[in-house]
Amino acid sequence: MTPTTAQQLRDALMSFVSAEIETEQRGDRAACLTPLTYPNGDAVVVWVSTRDDGRIEVSDLGEGIGVFHGRQRPDQTTLAQFAQDIARGVDVEFAAGRMSARCAPSDLGETIWFVATASARIAEAVIFHRPRHRRRREFPDVVADEFLQRQVTFERNHRLAGASGHEHRATLYVPGTETLVEPIAGDDWNQATAAFVKFSDIANVNGNQMLAVIDDRAGPPEDDVFNLLSGANKTGVVRWTRRDEWWSHIDGARRTA
């Protein structure tokens with residue numbers, strides 16, 4: 001059955017997220033193994049402990065960066081900027097090499113997910129970083145260039161509130177048609193999972209349209225990535241190389257001369 005209410009959406013999302021989560025008590029902390037993974041295939045684990053003031057602390061204990069100990073990394077200034085940008089994007093903090101957040105017990109599930117997401121993303125930034133002049137342009141920039149060429153007004157990192165009350169950031173947003181556009185690498189399970197969570201929470205809020213644009217320039221997207229995003233409520237899933245087939249989603253936002 002297709003979810004039609006905010007509660008059904010939350011239930012469907014929780015069912016998906018919790019399907020592969022495992023927990024284990026280790027001393028005064030609990031370890032939470034998530035379905036997200038680092039680039040080396042290891043599962044992302046976050047650690048949960050209760051502070052004296054009753055608030056919950058969630059941290060990756062530096063594993064997002066430490067899992068690649070000994071590998072060549074970006075310089076410290078660049079790495080810190082990567083980490084701060086990633087942390088802000090999911091409302092967590094980066095300090096002393098750790099992704100962490102503090103929350104009330106009622107917000108624990110959401111906070112675990114955001115810390116795990118940030119940990120996975122900083123690991124990817126470390127492992128895939130190349131000097132600027134040798135890096136391939138990021139896919140969101142490629143999609144943004146298409147908007148510019150077609151004279152469509154758009155915004156980057158537009159804030160949108162989900163049904164849960166959490167504020168998400170749209171990678172690209174077309175205000176003329178209220179369309180949230182998320183460019184997704186065709187083989188990036190972590191990125192697709194993060195987009196699925198965002199789409200599922202924003203569905204049925206304020207009449208927004210949602211569009212996942214899959215990068216298939218190097219070949220067809222992974223079936224798991226495509227199928228996961230296709231299961232998000234009221235979300236269009238399209239391949240980049242077939243953009244003439246999906247441009248009608250946002251063509252109404254074309255600038256007037």
Could you check whether atom CG of D52 has more than 12 heavy atoms from other residues, nucleotides or ligands sitting under 6.0 Å from it? no
Applying ring-ring contact (aromatic ring centres under 6.0 Å, His included) to F94 and not counting sequence neighbours gives none
Hey, are the side chains of W240 and V143 touching, using non-hydrogen atoms and a 4.5 Å cut-off? yes
Donor-acceptor pair, distance only, cut-off 3.5 Å: does the side chain of Q25 make one with the backbone of G27? yes
With respect to E167, which candidate in R159, K198, R88 satisfies the salt bridge (Lys or Arg N to Asp or Glu O under 4.0 Å) definition? R159
Pairwise distance CG(L36) to CH2(W113) - rounded to 0.5 angstrom: 4.0 Å
Less than 4.5 Å apart, any side-chain heavy atom of I184 and any of V213? no
Checking T23 against L33 for the side-chain contact (heavy atoms from CB on, under 4.5 Å) test, could you report, in this order, the C-alpha distance in whole Å, the side-chain angles of both residues, the deciding distance, and whether it holds? CA-CA 6 Å; T23 59; L33 185 147; over 6 Å; no
Below 4.5 Å, heavy atoms only, C-beta onward: do R98 and D60 meet side chain to side chain? yes
At what distance, to the nearest 0.5 angstrom, does OG1 of T117 lie from CD1 of I122? 13.5 Å
As a quick check of understanding, evaluate side-chain contact (heavy atoms from CB on, under 4.5 Å) for F139 and D141, giving each step before the final call. CA-CA 5 Å; F139 184 47; D141 293 329; over 6 Å; no
Do the side chains of C32 and I112 get nearer than 4.5 Å, heavy atoms only? yes
Can D216 and T241 be counted as having a side-chain donor-acceptor contact under 3.5 angstrom? yes
Can D42 and N40 be counted as having a side-chain donor-acceptor contact under 3.5 angstrom? yes
What verdict does the side-chain contact (heavy atoms from CB on, under 4.5 Å) test give for D187 and V225, after you've listed the backbone C-alpha separation in whole Å, the side-chain angles of each residue and the deciding distance to 0.1 Å? CA-CA 7 Å; D187 59 353; V225 168; 6.0 Å; no
Give me the atom names and distance for the closest heavy-atom approach of Q191 to P183. NE2-O, 3.7 Å
How close do A104 and R55 get, counting heavy atoms only, and between which atoms? N-NH1, 4.0 Å
Hey, mind stepping through M99 and V46 against side-chain contact (heavy atoms from CB on, under 4.5 Å) and telling me if it holds? CA-CA 9 Å; M99 291 293 182; V46 296; over 6 Å; no
What's the spacing between D28 CG and T50 OG1 if we round to 0.5 Å? 9.5 Å
Say whether, by atom type as modelled, one donor and one acceptor occur between the side chain of S200 and the main chain of F196 under 3.5 angstrom. yes
Check: Y38 and N190 side chains under 4.5 Å, non-hydrogen atoms: no
Around atom CD of E93, are there more than 12 heavy atoms from other residues, nucleotides or ligands closer than 6.0 Å? no
Between CG of L172 and CZ of F147, what distance do you get to the nearest 0.5 Å? 5.5 Å
Contact summary for A101 and T111, nearest pair of heavy atoms: CB-CG2, 3.6 Å
On the ring face of F226, is R239 found with NZ or CZ under 6.0 Å from the centre and within 45° of the axis? yes
Tell me, do W189 and L228 make a side-chain contact under 4.5 Å, heavy atoms counted? yes
Heavy-atom closest pair, residues A116 and V44: O-CG1, 3.7 Å
So if I apply the side-chain hydrogen bond (donor to acceptor under 3.5 Å, both in side chains) rule between T171 and each of R156, H158, E182, which one comes out positive? E182
Are any of the side-chain heavy atoms of R121 and V90 separated by less than 4.5 Å? yes
Is a salt bridge present between R26 and E24, judged by a nitrogen-to-oxygen distance below 4.0 Å? yes
Parallel, tilted or perpendicular: rings of F114 and H168 (30°, 60°): perpendicular
Scanning both residues in full, the closest heavy-atom pair of Y173 with A170 reads CB-CB, 4.1 Å
Provide the closest heavy-atom pair for S100 versus S59 in the form atom of the first, atom of the second, distance. CB-CB, 3.8 Å
Interatomic distance, CD1@I86 vs CD@E124, rounded to 0.5 Å, equals 8.0 Å
Is the closest side-chain heavy-atom distance between T179 and M210 below 4.5 Å? no
Please check if the side chain of D201 supplies one atom and the backbone of V197 the other of a donor-acceptor pair under 3.5 Å. no
Applying salt bridge (Lys or Arg N to Asp or Glu O under 4.0 Å), can you list everything that pairs with E155, at least two apart in sequence or on another chain? none
As an exercise, state the distance from CD of E138 to CG of D215, rounded to the nearest 0.5 Å. 10.5 Å
